[in-house]
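A quick note: this is a predicted structure, and the numbers were derived from the prediction, not measured.
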Number of protein chains: 4
Amino acid sequence: MINRVVLVGRLTRDPELRKTQSGTSVCSFTMAVGRRVSTQGQPDADFINCVAWNKTADLMTQYLHKGSLIGLEGRIQTRSYDNQQGQRVYITEVVAESVQFLEPKNAQSGYSAPSQDYGMNQGFAQNTYAAPVQNGYNQNPYSNPVQNTNNAFDSTFNADDSLDIASDDLPF
Amino acid sequence: MINRVVLVGRLTRDPELRKTQSGTSVCSFTMAVGRRVSTQGQPDADFINCVAWNKTADLMTQYLHKGSLIGLEGRIQTRSYDNQQGQRVYITEVVAESVQFLEPKNAQSGYSAPSQDYGMNQGFAQNTYAAPVQNGYNQNPYSNPVQNTNNAFDSTFNADDSLDIASDDLPF
Amino acid sequence: MINRVVLVGRLTRDPELRKTQSGTSVCSFTMAVGRRVSTQGQPDADFINCVAWNKTADLMTQYLHKGSLIGLEGRIQTRSYDNQQGQRVYITEVVAESVQFLEPKNAQSGYSAPSQDYGMNQGFAQNTYAAPVQNGYNQNPYSNPVQNTNNAFDSTFNADDSLDIASDDLPF
Amino acid sequence: MINRVVLVGRLTRDPELRKTQSGTSVCSFTMAVGRRVSTQGQPDADFINCVAWNKTADLMTQYLHKGSLIGLEGRIQTRSYDNQQGQRVYITEVVAESVQFLEPKNAQSGYSAPSQDYGMNQGFAQNTYAAPVQNGYNQNPYSNPVQNTNNAFDSTFNADDSLDIASDDLPF
DNA sequence: TTTT
DNA sequence: TTTT
């Protein structure tokens, strides 16, 4: 069934990496997404809890920070657990399947971008979508796609598509 | 900022209409949205709390019921309130901006569709998207749009968006 | 970068399966998606060209037909080719990454659903997203996800995520 | 029916404003949206034709330019016309319903941002989605929404949608 | 006809 | 060239 979320907003705090017992990376964060229509005396943003896994979690922790502007694709997930008081707590959050860094290369925000090419920030800034000069399009509409390797951001920053997205034990 | 949700799923219970003090209709409901990837021993669906307002709330209450299959477009909203115990409770829910009824006309689910044309169910089933016979497209790409009136479902079931998106003559 | 499309609409004709030289399945189809706001004297729908690959293509051909109601997630793709007259032709179409069948089991449309459980139609129709009564949620928020096997529709009807989505030669 | 598109990408050229005979603003532009998976020898982006109307068209022309990074929400529209050679030409394009400027305030790209607050660029850049420390949320879940006036970007850059989505008092 |  |  269709369960699709797209958000553009900013991180409300530095992302923090955790590991499951089996060593899977997981990163929880909150996005502040500005509202188009505001309510008197209310915040102008929604504060949406999100979670990212694996490489996406690693890269977010490495290159993003409080205030970073990102685009996110994912889905809504609900779950629950029983707290210490024995009450069931229900959680609604967004599972990130793909995260796009939307800050410019020269963003100055108290952190320094990695100096080699594979940093998401740099990789993205340097993106050379191979500007198609005179015949930019695909002559053969159905040729074989290959994983994009010359773009650190896009190639590394997406959910590794199913299988081991999660782990079998709780990190918190 | 971008905050977009699209869901297709089923209602977990009959929608229930409430009224604000000022008489505005509001309807809370939960959608069960099946997961593509399931977790062992876990439910195969997410149970997403949603809220609809005004005419959408009225129509949902009138024509939908537990188990109804719908498509929904909206956005994620977060809010909070203090409960009786003085604890702050945080809520994440989807605000429906548009709801589409996806059951066929002949759906038999213990309720009877309204017998006149304005029932969403019937209106939808009878939809005659004016099959464009020989020149189905818009000759004038930018002619004046008008609110669709011959389709009870679509005309009434969305947040009442702007009328004058386009103009009545060609600019090029 | 974000390029996300969600459509709910009907097939304007039976899907037709083609094979690339390397044997990859590909299926082109058009979805009619009703408009909320119509333009006087114009069709009430958009007719959106789409393409599906691999297993999705196979299943669509097998179980869908003219008029079938589907939900689709995908992305917009542009390409071009030179026609016989030596003119460059530009194409904008939607690449389906996931297709959901939205007809009820008892749909009677001149085709017969498969008699065993793995038909997309049946699998889907039998889904009983049984509303979780008192403990519907996930006790362990981060347990290991596995491929959904008890739902023919969802498990088989999605793009096999990268790698061999396309082929290296033209099927048409 | 659901027809939803979300794009994040860059303008391939300066937007150009046109007027219909009745004076309505319309602006056509193309977005380059990078692909995650590329095809050997092919461009790494899709070049998606879009159109915006009214105030959105005005603001895009005023503040955006070739290379500007934007987020866009809209829908796919198809239309056709007969060209001079008497052939029918089919068009698939995206109608922008909301456009978000994603460049930072200090973007230097050969144009100068407006010096008063209502420039989309400035208004947006000044957004301080101040992370809600202890009580960031909405105490009253259903208070009356008003058009956001303190944010030039968001208040002016969207298709002029409905005002009365909510109500002014709590129903529960 | 394509953007960083 | 369009679906209910």
Touch class at under 4.0 angstrom, heavy-atom based, for C/G67 against every strand present: sugar-phosphate
Rounded interatomic separation in angstrom, taking CG from C/L11 and C1' from F/dT3: 8 Å
Interatomic distance where CG belongs to C/D82 and P belongs to E/dT1 [whole Å]: 9 Å
Selection from F/dT4, E/dT1, E/dT3 that lies nearest to any side-chain heavy atom of D/F47: E/dT3
Rounded distance (Å) that lies between atom C1' of F/dT2 and atom CD1 of C/I48: 12 Å
Length of the CG-C1' vector between D/L102 and E/dT3, whole Å: 14 Å
Nearest-angstrom distance from the residue atom CD of A/Q100 to P of E/dT4: 15 Å
Nearest-neighbour nucleotide for the C/K66 side chain, F/dT3, F/dT1, E/dT1 considered: F/dT3
Atom pair distance, as rounded to whole Å: CE in C/M31 and P in F/dT4: 13 Å
Pairing of D/D82 and D/R88 as salt bridge, 4.0 angstrom limit: yes
Check ion pair D/R35-D/D44 (N to O, under 4.0 angstrom): no
salt_bridge(B/R10, B/E103) N-O dist < 4.0 Å: yes
Closest to side chain of C/A32, choosing from E/dT4, F/dT3, E/dT1: F/dT3
D/Y90 side-chain proximity, nearest of E/dT2, E/dT3, F/dT1: F/dT1
Residues C/E73 and D/R4 bridged, charged N to O under 4.0 Å: no
Pairwise distance CG(C/D46) to CG(D/N3) - rounded to 0.5 angstrom: 5.5 Å
Between E/dT1 (C1') and D/N49 (CG): distance, integer Å: 9 Å
Interatomic distance where CD1 belongs to C/I76 and P belongs to E/dT3 [whole Å]: 19 Å
Selected nucleotide, minimal atom distance to C/R10 side chain, candidates E/dT3, F/dT3, E/dT2: F/dT3
